[in-house]
Amino acid sequence: MASFFNPGFGRKHPNQYADRLPPGQYETHDFPVLTAGPTPRIPIESWTFSLTGLVDTPVTWTWDQFQALPQQEFTVDIHCVTKWSKFDTRWHGISVETLLEHIIIKPEARYVMAYSHGGYTTNLPLDDLRQGKAFIGMGVDGEPLAAEHGGPARLVVPKLYFWKSAKWIQGLRFMAHDQPGFWEQAGYSMYGNPWTEQRYRSDD
Ligand SMILES: Nc1nc2c(c(=O)[nH]1)N[C@H]1C(S)=C(S)[C@@H](COP(=O)(O)O)O[C@H]1N2
Ligand SMILES: [Mo]
């Protein structure tokens with residue numbers, strides 16, 4: 001019965017993106033810049049990336065060491081809580097799963113605080129970073145990542161609202177309990193699922 005009422009049935013020009021646009025979002029072809037505060041400029045010589053917190057032995061990479069890790073390409077849709085979505089953004093970078101091969105995470109770790117050069121933080125469940133669901137992006141469309149978009153490197157977690165994708169990433173800190181990051185302390189959702197419109201804490 002339900003198929004009789006499928007709104008896509010019989011359409012002459014079905015929207016090929018209908019199933020890719022979360023509720024309340026619109027598609028943009030721009031790449032807007034959204035930053036709270038100034039753009040940090042991180043000299044490559046002093047750039048580091050660390051895995052810390054509930055791990056057996058923390059690890060820190062310099063830029064050169066980080067570049068030597070296996071890189072991949074990722075084509076993903078991104079969804080900003082200010083309601084723009086951008087389809088098929090093309091990135092290169094390092095899967096978080098690849099980074100996790102270098103540490104042993106303590107069993108009590110369930111959450112991660114992503115922290116950035118410049119002081120930004122955002123919290124995520126560990127599971128949402130695993131198995132290729134998140135990566136450290138170092139370039140878009142074959143070019144190095146522009147500073148305003150988080151270059152030299154940012155976290156990208158496509159399945160969550162884009163504020164979870166910390167620009168100028170400095171590290172991931174493993175935690176037993178969920179703790180609010182920068183926007184989460186200001187009243188945004190602890191999780192940020194665009195498909196259920198978890199924009200604010202009251203939506204959790
Ligand atoms: N370090 C840092 N990361 C950040 C932010 C920020 O202010 N600082 N803003 C977040 C928000 S709200 C969004 S929508 C995206 C915007 O990324 P863009 O500027 O590349 O579009 O970055 C996220 N990551
Ligand atoms: Mo945002």
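Note that ligands are numbered from 1 as they come in the structure, with each ligand's atoms numbered from 1 the same way.
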Novice: Any ion pair linking Glu184 and Lys164 (charged N to carboxylate O, less than 4.0 Å)?
Specialist: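 Salt bridge between Lys164 and Glu184, a charged N being under 4.0 Å from a carboxylate O: yes.
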Novice: Which atom pair, heavy atoms only, marks the closest approach of Ala109 to Phe174?
Specialist: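 For Ala109 and Phe174, the tightest heavy-atom pair comes out as CB-CB, 4.1 Å.
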Novice: Shortest non-hydrogen contact from Lys106 to Asp56?
Specialist: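 Looks like NZ-OD1, 3.5 Å.
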Novice: Measure from atom 5 (C) of ligand 1 to every heavy atom in Trp163, Tyr120, Trp183, Tyr115 and give the option owning the shortest one.
Specialist: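 Closest candidate by heavy-atom distance is Tyr120.
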Novice: So is Ala36 polar-close to ligand 1, meaning N/O to N/O under 3.5 Å?
Specialist: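 Between Ala36 and ligand 1 (N or O atoms, distance only) the closest approach is under 3.5 Å.
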Novice: Using side chain to side chain contact (heavy atoms under 4.5 Å, CB included) as the criterion, point out the one residue from Asp128, Leu126, Leu155, Leu124 that pairs with Val96.
Specialist: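 Among Asp128, Leu126, Leu155, Leu124, the one meeting side chain to side chain contact (heavy atoms under 4.5 Å, CB included) with Val96 is Leu155.
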Novice: Short list, please: which atoms of ligand 1 are under 4.0 Å from a heavy atom of His149?
Specialist: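 Ligand 1 atoms under the 4.0 Å threshold to His149: 18 (P), 19 (O), 20 (O), 21 (O).
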Novice: Under 4.0 Å from ligand 1, counting heavy atoms only, is it the side chain of Trp84, its backbone, both or neither?
Specialist: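 The part of Trp84 near ligand 1 is the side chain, not the backbone.
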Novice: Output a table of donor-acceptor pairs, distance under 3.5 Å, between side-chain atoms of residues 41-50 and any protein atom two or more places apart or on a different chain; print 'none' if there are none.
Specialist:
{"residue": "Ser46", "atom": "OG", "partner": "Pro43", "partner atom": "O", "Å": "3.2"}
{"residue": "Ser50", "atom": "OG", "partner": "Thr60", "partner atom": "OG1", "Å": "2.7"}

Novice: Counting from 1, what ligand 1 atoms have a heavy atom of Pro32 closer than 4.0 Å?
Specialist: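 The list of qualifying atoms is 18 (P), 19 (O), 21 (O).
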Novice: Under a 4.0 angstrom heavy-atom cut-off, which atoms of ligand 1 come close to Phe31?
Specialist: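 Result: 20 (O), 21 (O).
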Novice: Does an N or O from Thr35, backbone or side chain, lie closer than 3.5 Å to an N or O of ligand 1?
Specialist: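 There is no such contact.
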Novice: May I ask you to decide if the ring planes of Trp84 and Phe31 are parallel, tilted or perpendicular, using 30° and 60° as cut-offs?
Specialist: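 If you compare the ring of Trp84 with that of Phe31, the planes turn out perpendicular.
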Novice: Checking side chain to side chain contact (heavy atoms under 4.5 Å, CB included) for the pair Met113/Leu172: CA distance, chi angles, key distance, verdict?
Specialist: CA-CA 6 Å; Met113 189 67 80; Leu172 303 175; over 6 Å; no
Novice: Is the closest heavy atom of Gly150 to ligand 1 under 4.0 Å?
Specialist: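 No, Gly150 has no heavy atom closer than 4.0 Å to ligand 1.
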Novice: Would you check whether Tyr161 reaches within less than 4.0 Å of ligand 1, judged by its heavy atoms?
Specialist: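 So Tyr161 does not count as touching ligand 1.
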Novice: Parallel, tilted or perpendicular: which one describes the rings of Phe182 and Tyr120, with boundaries at 30° and 60°?
Specialist: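 Ring orientation, 0 to 90° scale: tilted.
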Novice: Using every non-hydrogen atom in the two residues, find where Pro194 and Pro22 come nearest and quote the distance to one decimal.
Specialist: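 Answer, listing the atom of Pro194 first, then Pro22: O-CB, 3.4 Å.
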Novice: Do NZ/NE/NH1/NH2 and the carboxylate oxygens of Glu197 and Arg199 come within less than 4.0 Å?
Specialist: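 A salt bridge links Glu197 with Arg199.
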Novice: At the 4.0 Å heavy-atom cut-off, does Ala166 count as touching ligand 1?
Specialist: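 Ala166 counts as a contact of ligand 1 under the 4.0 Å cut-off.
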Novice: For ligand 1, is there an N or O atom under 3.5 Å from any N or O atom of Val33?
Specialist: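 No; the residue has no nitrogen or oxygen that sits under 3.5 Å from a nitrogen or oxygen of the ligand.
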Novice: Among all protein non-hydrogen atoms, which one is nearest to atom 13 (C) of ligand 1, and what is the separation to 0.1 Å?
Specialist: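 Its nearest protein heavy-atom neighbour is Phe162 O, 3.8 Å.
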Novice: Nearest to atom 22 (O) of ligand 1, what protein heavy atom do you find, and at what distance?
Specialist: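 So the nearest neighbour among protein heavy atoms is Arg154 NH2, 3.2 Å.
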Novice: Can His117 be said to touch ligand 1, with heavy atoms closer than 4.0 Å?
Specialist: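 Outside the 4.0 Å threshold, so no.
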Novice: Find all atoms of ligand 1 within a distance of less than 4.0 Å from any non-hydrogen atom belonging to Cys80, and give their numbers and elements.
Specialist: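 Listed by number with element: 14 (S).
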Novice: Tell me which protein heavy atom sits closest to atom 24 (N) of ligand 1, plus the residue, atom name and distance to 0.1 Å.
Specialist: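 Answer for atom 24 (N) of ligand 1: Ser165 O, 3.0 Å.
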Novice: Counting only heavy atoms, tell me which of Lys167, Gln170, Lys164 gets closest to atom 1 (N) of ligand 1.
Specialist: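 Answer by nearest heavy atom: Lys167.
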Novice: If you measure from each non-hydrogen atom of Trp168 to ligand 1, which part falls under 4.0 Å: side chain, backbone, both or neither?
Specialist: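 The answer is the side chain of Trp168.
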Novice: With a 4.0 Å heavy-atom cut-off (strictly under), which part of Ser116 contacts ligand 1: side chain, backbone, both or neither?
Specialist: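 Under 4.0 Å from ligand 1, Ser116 contributes side-chain atoms alone.
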Novice: Where is the nearest protein heavy atom to atom 9 (N) of ligand 1: which residue, which atom, and how far?
Specialist: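 Answer, as residue, atom name and distance: Leu34 O, 3.2 Å.
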Novice: Of the non-hydrogen atoms in His149 and Arg154, which two are nearest, and what is the gap between them?
Specialist: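 Minimum heavy-atom contact is O-NH1, 2.9 Å.
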Novice: So does Arg20 pair up with Asp88, basic N to acidic O under 4.0 Å?
Specialist: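 Salt bridge: yes.
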